[in-house]
Protein chains: 2
Amino acid sequence: MKFDDKIPIYYQIKEYIYRQMITGKLEPGEKMPAVRQLAVDLTVNVNTIQRALSELVTEKMVESKRGRGNFVTEDTSKIKELKDKLIMEQLKQMYDGLQKLGVSDQEILDYVSRYVKEQERDQK
Amino acid sequence: MKFDDKIPIYYQIKEYIYRQMITGKLEPGEKMPAVRQLAVDLTVNVNTIQRALSELVTEKMVESKRGRGNFVTEDTSKIKELKDKLIMEQLKQMYDGLQKLGVSDQEILDYVSRYVKEQERDQK
DNA sequence: CTTAGTGTTATATCTGTCTATTACACTATA
DNA sequence: TATAGTGTAATAGACAGATATAACACTAAG
């Protein structure tokens with residue numbers, strides 16, 4: 001997996017796992033890959049995986065069962081809340097970022113609609 | 001100044017200076033505040049300012065004149081290009097981020113237009 | 001020529017992140 | 001009860017970023 005070298009790897013792994021849960025690639029209650037396996041898959045050290053997982057456990061997004069594995073929370077509302085939170089953060093970051101560049105609200109709307117149209121066209 | 005502790009400070013200072021140039025708070029050819037003054041203003045070490053500035057000099061966004069000061073480039077097209085680049089990066093990051101969360105193009109448009117409307121309302 | 005103001009460079013130290021490695025603890029099952 | 005698979009913890013080392021501090025180099029102005 002490719003990482004942004006400006007952001008801690010353990011943090012990017014957290015975000016990766018968040019996305020797996022939100023998009024259903026990891027379902028509620030599902031057993032996650034073993035830490036050593038994740039380390040191989042993401043080509044990082046086990047301790048780095050552990051750092052990410054321990055924070056997910058603290059947040060109760062993951063339940064850890066010693067000797068058995070790590071399991072995605074069964075609390076679907078928690079996953080939904082997380083999705084909403086991450087979406088809002090994306091919107092806020094974009095909005096604040098553009099505003100700090102002196103882009104007006106109307107221009108933001110224009111830029112976004114044009115950008116999305118171009119993406120739709122390019123993917124066809 | 002407040003910094004995001006997940007991103008190097010020198011890098012955030014670069015972005016800060018970019019914004020100053022793009023919004024005209026720093027004009028083309030203008031003399032910038034002294035490095036020691038910037039360090040005080042942003043409450044960071046001189047070396048950290050220097051790290052940011054040296055990259056800006058490498059990029060030719062800033063011209064350094066020993067004993068006289070640092071000066072914003074007089075090349076206005078370079079500043080315009082930078083603004084376009086930063087806007088595109090913001091759009092891309094938001095779009096990619098939301099898409100990875102499983103949000104459709106139409107939903108992205110809806111979220112953004114709703115978000116902008118709310119911001120307009122709240123600021124009044 | 002001196003001095004104040006500027007950028008530049010260097011050293012030592014601290015902290016956070018990441019790695020490699022080893023060991024320990026628990027669970028399921030053959 | 002042995003063993004394979006799992007999570008957990010601890011140590012040591014490397015590296016990047018940030019700090020404090022000092023010194024050096026150049027410029028402008030008195």
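Chain identifiers are assigned alphabetically (A, B, ...) following the order of the sequence lines, protein sequences preceding nucleic acid strands; residue numbering begins at 1 within each chain.
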Find the distance [X]:[atom1] to [N]:[atom2] and express it as a whole number of Å.
X	N	atom1	atom2	answer
A:M32	D:dT6	CE	C1'	14 Å
A:I49	C:dT19	CD1	P	9 Å
B:I9	C:dT15	CD1	P	15 Å
B:Q50	D:dA22	CD	P	19 Å
A:Q37	D:dG7	CD	P	10 Å
A:I13	C:dC18	CD1	C1'	10 Å
A:L38	C:dT19	CG	C1'	17 Å
B:R51	D:dA20	CZ	C1'	18 Å

(message) I want to confirm an ordering. Mapping A:K6 and A:P33 to their closest nucleotides on DNA chain D, which one lands closer to the 5' end?
(response) A:P33
(message) Whether the side chain of B:N45 and the base of D:dA18 hold a donor-acceptor pair under 3.5 Å is what I'd like checked.
(response) no
(message) Base of C:dA10, side chain of B:N47 - is there a donor-acceptor contact under 3.5 Å?
(response) yes
Can a side-chain donor-acceptor contact be found between [Y] and [X] if the only test is distance below 3.5 angstrom?
X	Y	answer
A:D75	A:T73	no
B:Q106	B:Y111	no
B:E55	B:T58	no
B:Y95	B:D105	yes
B:E59	B:Y18	yes

(request) Map A:Y11 and B:K31 onto DNA chain C by nearest heavy atom, then report which one ends up closer to the 5' terminus. (result) B:K31
(request) Indicate, with a heavy-atom threshold strictly under 4.0 Å, whether A:R36 touches base, sugar-phosphate, or nothing. (result) base
(message) Is there a side-chain contact between A:T48 and the phosphate of C:dT17, meaning an N or O under 4.0 Å from OP1 or OP2?
(response) no
(message) It should be established whether A:Y10 places a side-chain nitrogen or oxygen under 4.0 Å from OP1 or OP2 of nucleotide C:dC18.
(response) no
(request) Heavy atoms only: give me the nearest B:M32-B:L26 pair and the separation to one decimal. (result) CE-CD1, 4.2 Å
(request) Validate the cation-pi geometry between B:K6 and A:Y11: distance from NZ or CZ to the six-membered ring centre under 6.0 Å, angle to the ring axis within 45°. (result) yes
(request) Enumerate the residues from residues 54-73 of chain B whose closest heavy atom to DNA chain D is under 4.0 Å, giving them by residue number; use none for an empty result. (result) B:R66, B:G67, B:R68
